[in-house]
2 protein chains.
Amino acid sequence: MNVMQKKSKPRVKNEEAILIAAEEVFSELGFAGATTSLIASRAGIPKANLHYYYPTKEALYQTIISRIFSIWLHAAETFDDCDDPADALGRYIRAKMEISRMHPLGSKIWAQEIMHGAPQIQGFLETTLNDWTASRVKIIERWIAERKIDAIDPQSLLYMIWATTQHYADFEHQIGALNGGKALSDEKYKHATETVTQIILKGIGIKMV
Amino acid sequence: MNVMQKKSKPRVKNEEAILIAAEEVFSELGFAGATTSLIASRAGIPKANLHYYYPTKEALYQTIISRIFSIWLHAAETFDDCDDPADALGRYIRAKMEISRMHPLGSKIWAQEIMHGAPQIQGFLETTLNDWTASRVKIIERWIAERKIDAIDPQSLLYMIWATTQHYADFEHQIGALNGGKALSDEKYKHATETVTQIILKGIGIKMV
DNA sequence: TAGTTTCTTGACCGGATGGTCAATTTTACT
DNA sequence: AGTAAAATTGACCATCCGGTCAAGAAACTA
């Protein structure tokens, strides 16, 4: 309805449209399968115009990747909001489920990037993610030493959280197919979130209320 | 060593080499990114020869998909080997972890297929997988009614098992990067398998030994 | 209004890709 | 050995893709 918003410079409007279209297309077809002309057409502009804003397909892809990365960083913070394992992990799991709900396309692009050997984000894996993981492993080990949780392998726990929460984004289509062909309702998604949280927390020995 | 095996018809040897190469390339580059000439070169034959055995890239891809499907079916059977939830689920989780270890490439291709909207396997999702899931959900519901496990959402439990076990195949590269750049040793993988099994079984209220 | 910058776009290009084909060689069978 | 079937392969082709370009249109600035 807000059609009168012609004030914005074309750059702002076009870059936004391109990024939205690119995220869609990259997640649906992968980097190699995505074509700049399809992205442009979804953004409602000619291909040559897309290349005016993003010179190469790779530059566009990296812009998308860095956006996803910043979302990931944001979720990572929720881990540290509290020192109680039930709170910290519960918050983290819920934050990751929320991200899978709100940004499934980004999660899919991320997953494909890893599966293809992480050509663009290898550096991130070896630095930021490695450091973040190592420090959270220490926190979990401390919880174990303090008998707050069972003596489980911390890495396996983190992987389980990542895998389970991201599954709701990456395998959205399969989950929909097993749900009568339509996406999970907000209600069902909330229920899934609580189930996941409960199983994991109870699974590592946290007494549930 | 067994060099004297010239008896085999070229067809057998070449189809095998092509399928192995194709599984590699499809998992690394995706369907769109894979090129028939790269697959042929990895199989050690000219591209034209590949097209003699598999007329189109899509035909080759579908052959690969159906192979992966049969592996999946095999694992699915382990669910029913026993009626005790600890046994049945434990067996199933371990079988799926074993598959992720032995056939990571197939798992990646499967995951990409789902992420791209399952263009080739939609029918399977709507029939075989849907039926299988529905009947296992009933089994889990019975376990709940018999108070053998907690009253969790059965679908969420299945998704958690799929997600976690397949993560070790699909995100192999990331796990390796977080393990000093090398793949998990057999020992570590075994440890991860036990951790995963323990957390899930305990998480749904099964008393661990 | 005049001038400058930003934006738009159809046409085009080199390279790569999936797939074909016909000529030749190898294998299988009697 | 001789013949028919299966297999091999270099050369080739139509199509599509990422990216360029130049000429012009629109948007800002003073």
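Everything numeric here is computed off the predicted structure, so don't read it as measured data. Below, read A as the first sequence line, B as the second, and so on, with proteins coming before strands; counting in each chain starts at 1. Below, all heavy atoms of this structure are taken into account, side chains as well, without hydrogens, waters or symmetry copies.
Contact check for B:Thr164 versus A:Thr164: side-chain heavy atoms found under the 4.5 Å cut-off. By the 4.5 Å heavy-atom criterion applied to side chains, B:Thr63 and B:Glu15 are not counted as neighbours. Looking at B:Arg11 and B:Tyr53, their side chains come closer than 4.5 Å, going by heavy atoms from C-beta outward.
When the local axes at the two ends of the helix from C:dT1-D:dA30 to C:dT30-D:dA1 are compared, using 5 base pairs at each end, they differ in direction by 30° after rounding to 10°.
If you measure from atom CD of B:Glu15 to atom P of D:dT8, you get 11 Å, rounded to the nearest angstrom. When the P atom of C:dA16 is taken as reference, atom CD1 of B:Ile39 falls 18 Å away, rounded to whole Å. Straight-line distance from the NE2 atom of A:His51 to the P atom of D:dC17: 11 Å, rounded to whole Å. With rounding to whole Å, B:Lys47 atom NZ is found 12 Å from D:dG10 atom P. In this structure, NZ of B:Lys13 is placed 18 Å from P of D:dA6, rounded to the nearest angstrom. When rounded to the nearest whole Å, the span between CG of B:Asn49 and P of C:dG18 equals 16 Å. Atom CG of A:Leu38 and atom P of D:dC16 are 14 Å apart (whole Å).
No donor-acceptor contact under 3.5 Å links the side chain of B:Lys57 to the base of C:dG19.
Look at B:Asn14 and you'll find a side-chain N or O under 4.0 angstrom from OP1 or OP2 of D:dT8. Distances shown here put a side-chain N or O of A:Tyr52 below 4.0 Å from the OP1 or OP2 atom of C:dC7. Within the structure, a side-chain polar atom (N or O) of B:Arg11 is placed less than 4.0 Å from OP1 or OP2 of D:dA7. Contact annotation: B:Tyr53 does not reach the phosphate of D:dA6 (side-chain N/O to OP1 or OP2, under 4.0 Å).
Checking side-chain atoms of B:Trp143 against main-chain N and O of B:Asp83 turns up a donor-acceptor pair under 3.5 Å.
Remark: B:Trp72 engages B:Phe124, B:Trp132 in a ring-ring contact (aromatic ring centres under 6.0 Å, His included) (not counting sequence neighbours).
Ion pairing between a basic and an acidic side chain is recognised when a charged N comes within 4.0 Å of a carboxylate O; A:Glu172 and A:Lys108 show such pairing.
Checked against C:dG10, C:dT17, C:dC21, the side chain of A:Ala48 finds its nearest nucleotide in C:dG10. The listed nucleotides are D:dG18, D:dT9, C:dT17; the one nearest the side chain of B:Pro46 is D:dT9.
No contact: B:Ala32 has no heavy atom under 4.0 Å from any strand. Residue contacts shown for B:Ala59 are absent, as no nucleic acid heavy atom lies under 4.0 Å away.
In terms of position along DNA chain D, the nucleotide closest to B:Leu50 lies nearer the 5' end than the nucleotide closest to the other residue of the pair B:Leu50 and A:Gly33.
Using cut-offs of 30° and 60° on the angle between ring planes, the pair A:Phe31 and A:Phe26 is parallel.
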